[in-house]
Amino acid sequence: MSHLPVLQDAMLAALAPAPGAVVVDATFGGGGYTTAILAAAPCYVIGVDRDPEAVARGRSLAAREPRFTMLEGRFGELETLLAGIGRGPVDGIVADLGVSSFQLDTPGRGFSFQADGPLDMRMGDTGESAAELLERIDEASLARLLFELGEEPEARRIAAAIVARRRTKPLATTSELADLV
């Protein structure tokens, strides 16, 4: 893995992985934390992620590292996911919450306005895309979503512009949304 997480040293100091410990990396992403934990102690790590690309990276690591297992799912489902593999008690959990650089740097994921891509913004490959949400949500709900989750002070103005635009042509790409905003 070539991903270097920002707080790796602080994470290792707080987690203090011990020999024989079972540690969960609840947001595997690029595998940076997992790789560091495995290097720090002869322990066992279980990676969890809902992003299919992160899961593929994790399964690649699991194929060559017997002290690692990769699980596909959400960190909110940890109890169920861990019960499904029959590992004993967990000694530590680490979670690096938020959007990963892999998601932001891949235009096809639709998270960034830096390069044009489909208006997707999904953490996994299921559920409604951002384009689909913007096509169906009413103006008041969209304004509330932009204000509460996006902390956008111009939420009402932006919601009105999106609703007006979709009457003529749905928003499909990140650049279309950025230009409209």
Asks: Within this structure, what is the CG-OG distance for the pair Leu180 and Ser175, rounded to the nearest 0.5 Å?
Replies: 11.0 Å

Asks: Grab the two heavy atoms, one from Ala18 and one from Cys43, that are nearest each other, plus how far apart they are.
Replies: O-CB, 3.5 Å

Asks: Taking C-beta and beyond as the side chain, do Phe75 and Ile93 meet within less than 4.5 Å on heavy atoms?
Replies: no

Asks: Considering only residues two or more places apart or on different chains, which pairs with a residue in residues 168-181 satisfy salt bridge (Lys or Arg N to Asp or Glu O under 4.0 Å)?
Replies: Arg165-Glu176, Lys169-Glu176

Asks: Atom CE in Met70, atom OG1 in Thr34: separation rounded to 0.5 Å?
Replies: 7.5 Å

Asks: Evaluate the side-chain proximity of Thr174 to Leu119: yes if any heavy-atom separation is below 4.5 Å, no if none is.
Replies: yes

Asks: Mind listing the closest non-hydrogen atom pair of Val24 and Leu78 along with its distance?
Replies: CG1-CD2, 3.8 Å

Asks: Identify the two heavy atoms, one from Glu139 and one from Ala160, that lie closest to each other, and give their separation to 0.1 Å.
Replies: OE2-CB, 3.4 Å

Asks: Picking from Asp49, Leu81, Val55, what satisfies side chain to side chain contact (heavy atoms under 4.5 Å, CB included) with Leu71?
Replies: Leu81

Asks: For the residue pair Asp138 and Arg166, what are the closest heavy atoms and their distance?
Replies: CA-NH2, 4.2 Å

Asks: With sequence neighbours left out, write down each residue that passes side chain to side chain contact (heavy atoms under 4.5 Å, CB included) with Ala95, or none if nothing qualifies.
Replies: Ala26, Thr27, Leu97

Asks: Is there any salt bridge (Lys or Arg N to Asp or Glu O under 4.0 Å) pair reaching into residues 140-155, and which pairs are they, with sequence neighbours excluded?
Replies: Glu154-Arg157

Asks: Does any part of the side chain of Met11, heavy atoms only, come nearer than 4.5 Å to the side chain of Ile37, both counted from C-beta?
Replies: yes

Asks: Let me check something: do Ile158 and Val163 share a hydrophobic cluster, defined by ILVMFWY side-chain heavy atoms less than 4.5 Å apart, either directly or through other members?
Replies: no

Asks: Could you tell me the separation between the CG atom of Leu133 and the CG atom of Leu171, rounded to the nearest 0.5 Å?
Replies: 11.0 Å

Asks: Group every Ile, Leu, Val, Met, Phe, Trp and Tyr by side-chain heavy-atom contacts under 4.5 Å, then state whether Phe68 and Leu12 land in the same group.
Replies: yes

Asks: How long is the straight-line distance from CZ of Phe28 back to OG1 of Thr35, given to the nearest 0.5 Å?
Replies: 6.0 Å

Asks: Between Tyr33 and Leu7, is there a side-chain heavy-atom distance shorter than 4.5 Å?
Replies: yes

Asks: Sub-3.5 Å donor-acceptor pair from the side chain of Arg74 to the main-chain atoms of Arg50, do we have one?
Replies: no

Asks: Does Phe147 belong to the same Ile/Leu/Val/Met/Phe/Trp/Tyr cluster as Leu142, with side-chain heavy atoms less than 4.5 Å apart forming each link?
Replies: no

Asks: Output yes when a side-chain donor or acceptor of Asp91 lies under 3.5 Å from a complementary backbone atom of Val22, and no otherwise.
Replies: yes

Asks: Do Glu79 and Leu82 come within less than 4.5 Å of each other through their side chains, counting heavy atoms only?
Replies: no

Asks: Search all heavy atoms of Pro170 against all heavy atoms of Glu135 and return the closest pair with its distance.
Replies: CB-OE1, 3.2 Å

Asks: Can you name the closest pair of heavy atoms from Leu15 and Gly92 and give their distance?
Replies: CD1-CA, 3.9 Å

